[in-house]
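Heavy-atom basis, side chains included; hydrogens, waters and symmetry copies ignored.
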Amino acid sequence: MKIGYPCLNRSIGCTPSRTFRLRSYSPARLEESVQQNLECLGRILEFNLANGLLFFRITSDLVPFASHPVCTFPWQEEFVERFAALGSVMRRKGMRISMHPDQFTLINSPDPDIFRRSAAELAYHAAVLDLLGLDLTARIQIHGGGVYGDKKASLERFCARFEQLDEKIRRRLAVENDDHQYSVADCLQISKRTGIPVLFDSFHHQLNGNGEALGTALRQAAATWGENDGLPMVDYSTQKKGERKGRHAESIDLKDFAGFIAAGEGLDFDIMLEIKDKERSALRARRFLIKTNRI
DNA sequence: AGGTGTCAAGCGTCC
DNA sequence: GGACGCTTGACACCT
């Protein structure tokens with residue numbers, strides 16, 4: 001069981017997601033941003049290693065506008081060695097890596113143009129993981145997508161579109177239950193049809209489940225991860241008190257976390273903590289798991 | 001220097 | 001049919 005946090009570290013004073021406005025694009029600006037983002041990613045990895053945090057989600061902003069037509073700078077060639085060096089550290093130290101494209105990535109949109117752009121965005125994510133030289137335990141998590149007034153047809157379209165994607169993308173995908181449309185049960189159907197594993201999100205399940213107990217849904221999702229996919233990945237978070245439904249908590253609620261761990265008793269998986277204070281809560285979660293002899 | 005409105009992209013909900 | 005929230009950080013322009 002590895003513990004991680006997504007994208008940013010709040011204590012080391014750099015960001016791996018430097019970007020700029022589209023109209024400010026220039027090859028030099030892109031090169032400079034990527035160089036600094038990779039530099040910061042390296043520092044985050046060092047921090048994580050020093051602190052026993054072996055799961056990390058790489059930000060989609062690592063290469064700004066990577067899938068946009070404006071981006072013609074050959075960043076893959078330019079930074080091939082830097083990526084290889086970072087990936088070598090990840091592999092040597094047994095770090096688990098994920099990526100999570102944002103809500104504009106929808107392979108099941110009826111609009112072929114949106115599908116085309118989504119495929120380009122996924123190709124960028126797959127290219128990053130390939131440049132790092134990571135095996136297929138490094139995954140790209142996406143949601144089921146839109147419903148477009150007919151969930152059955154939209155789920156079918158997800159599966160049909162999946163078949164059209166490049167193998168470099170298909171082999172790295174995982175499908176995650178979302179907070180109001182595609183539940184774990186829906187994702188299990190997608191998994192059955194496509195063979196991609198289901199990434200269980202505990203908070204989304206709480207907001208959009210079909211009444212399955214936490215432990216049941218977690219086990220159903222976990223069972224979809226094959227031998228080459230690595231341990232099941234799981235996203236964990238809780239509701240921010242007194243705020244709109246769906247907002248992530250500011251810091252970890254160890255009592256709730258203990259309940260979550262208890263629900264997964266006997267199962268091994270890697271946990272991504274989607275909590276706003278990032279590494280701080282991840283460190284607290286790790287200490288809790290050490291204290292209770294889980295890791 | 002600090003504050004704030006805005007940013008590539010899409011969906012669903014609410015009015 | 002249009003505004004807004006999602007969820008959120010960083011830019012870029014303003015004072």
Side-chain angles (χ1 to χ4, degrees), chain A residues 5-26 28-30 32-37 39-41 44 57-73 99-125 140-151 153-155 157-158 161 175-183 186 201 203-204 206-208 235-251 272-281:
Chain A
Y5 60 98
C7 304
L8 308 174
N9 178 300
R10 300 207 184 275
S11 48
I12 64 174
C14 70
T15 174
S17 52
R18 268 186 71 126
T19 182
F20 46 84
R21 295 291 184 255
L22 180 57
R23 66 173 180 275
S24 318
Y25 178 90
S26 73
R29 189 78 188 264
L30 184 88
E32 186 198 355
S33 298
V34 175
Q35 196 273 322
Q36 295 195 27
N37 287 343
E39 163 77 28
C40 183
L41 177 59
I44 292 176
R57 181 186 299 164
I58 297 175
T59 175
S60 296
D61 290 334
L62 195 70
V63 182
F65 305 105
S67 72
H68 191 281
V70 77
C71 182
T72 51
F73 182 83
M99 295 186 82
H100 190 1
D102 67 25
Q103 76 259 38
F104 307 108
T105 301
L106 295 155
I107 66 169
N108 78 339
S109 170
D111 182 339
D113 233 35
I114 291 172
F115 171 64
R116 190 181 49 73
R117 285 196 292 271
S118 296
E121 181 70 358
L122 288 170
Y124 151 61
H125 284 75
I140 302 167
Q141 60 191 92
I142 58 172
H143 293 296
V147 168
Y148 312 99
D150 184 344
K151 192 190 261 185
S154 298
L155 198 147
R157 194 167 49 251
F158 182 105
R161 287 282 186 58
V175 62
E176 175 197 349
N177 56 309
D178 68 71
D179 55 357
H180 51 116
Q181 293 171 130
Y182 291 87
S183 65
D186 297 324
D201 185 306
F203 188 29
H204 293 164
Q206 192 182 322
L207 297 167
N208 176 35
D235 283 357
Y236 169 84
S237 58
T238 53
Q239 175 67 41
K240 183 169 179 178
K241 302 277 182 294
E243 289 269 344
R244 195 181 292 104
K245 222 172 84 169
R247 300 202 87 144
H248 291 159
E250 201 61 43
S251 66
M272 178 61 58
L273 294 164
E274 294 190 313
I275 297 178
K276 286 202 61 172
D277 66 2
K278 307 283 180 186
E279 76 282 359
R280 193 168 155 266
S281 283

Any idea which of [options] is nearest the [X] side chain?
X	options	value
A:Tyr148	B:dA9, C:dC11, B:dG12	B:dG12
A:Gln181	B:dG12, B:dA9, C:dC11	B:dG12
A:Gln103	B:dA8, C:dC11, C:dC6	C:dC6
A:Ser67	C:dT7, B:dA8, C:dG9	B:dA8
A:Asp179	C:dT7, B:dA9, C:dA10	C:dT7
A:Leu22	B:dA8, C:dT7, B:dC11	B:dA8
A:Phe65	B:dT6, C:dG9, B:dA8	B:dA8
A:Ser109	C:dG9, B:dC11, B:dG12	B:dC11

Partner nucleotide of [N] by Watson-Crick or wobble geometry (both distances under 3.5 Å):
N	result
C:dG2	B:dC14
C:dT8	none
B:dA9	none
C:dC14	B:dG2

For a quick check of understanding: with a heavy-atom distance under 4.0 Å over all strands, which category does [X] fall into, base, sugar-phosphate or nothing?
X	answer
A:Ser24	sugar-phosphate
A:Arg21	base
A:Val70	nothing

[atom1] gap between [N] and [M], integer Å:
N	M	atom1	value
B:dG2	C:dT8	P	26 Å
C:dC4	B:dT6	C1'	15 Å
B:dG12	C:dG9	P	25 Å
C:dA10	B:dG10	P	23 Å
B:dG3	C:dT7	P	27 Å

With the side chain counted from C-beta on, respond yes when A:Asn9 and A:Cys40 share a heavy-atom pair under 4.5 Å apart, and no when they do not.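 Counting from C-beta outward, A:Asn9 and A:Cys40 never come under 4.5 Å.
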
Could you check whether any side-chain heavy atom of A:Thr19 comes within less than 4.5 Å of a side-chain heavy atom of A:Ser33, counting everything from C-beta outward?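 Not touching, per the 4.5 Å side-chain cut-off.
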
Answer with yes or no whether the side chains of A:Glu176 and A:His100 bring together a donor and an acceptor at under 3.5 Å.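 On atom types as modelled, these side chains qualify, holding a pair under 3.5 Å.
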
With rounding to the nearest 0.5 Å, note down the distance linking OH in A:Tyr148 to CG in A:Leu106.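 One finds 4.5 Å between OH of A:Tyr148 and CG of A:Leu106.
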
How far does CG of A:Leu207 sit from NE2 of A:His180, to the nearest 0.5 angstrom?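 So the gap between those two atoms works out to 9.5 Å.
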
Face-to-face contact A:Phe104 to B:dA9 six-ring, under 5.5 Å, under 30°: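 Here the ring of A:Phe104 and the base of B:dA9 are stacked, with centres under 5.5 Å and planes under 30°.
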
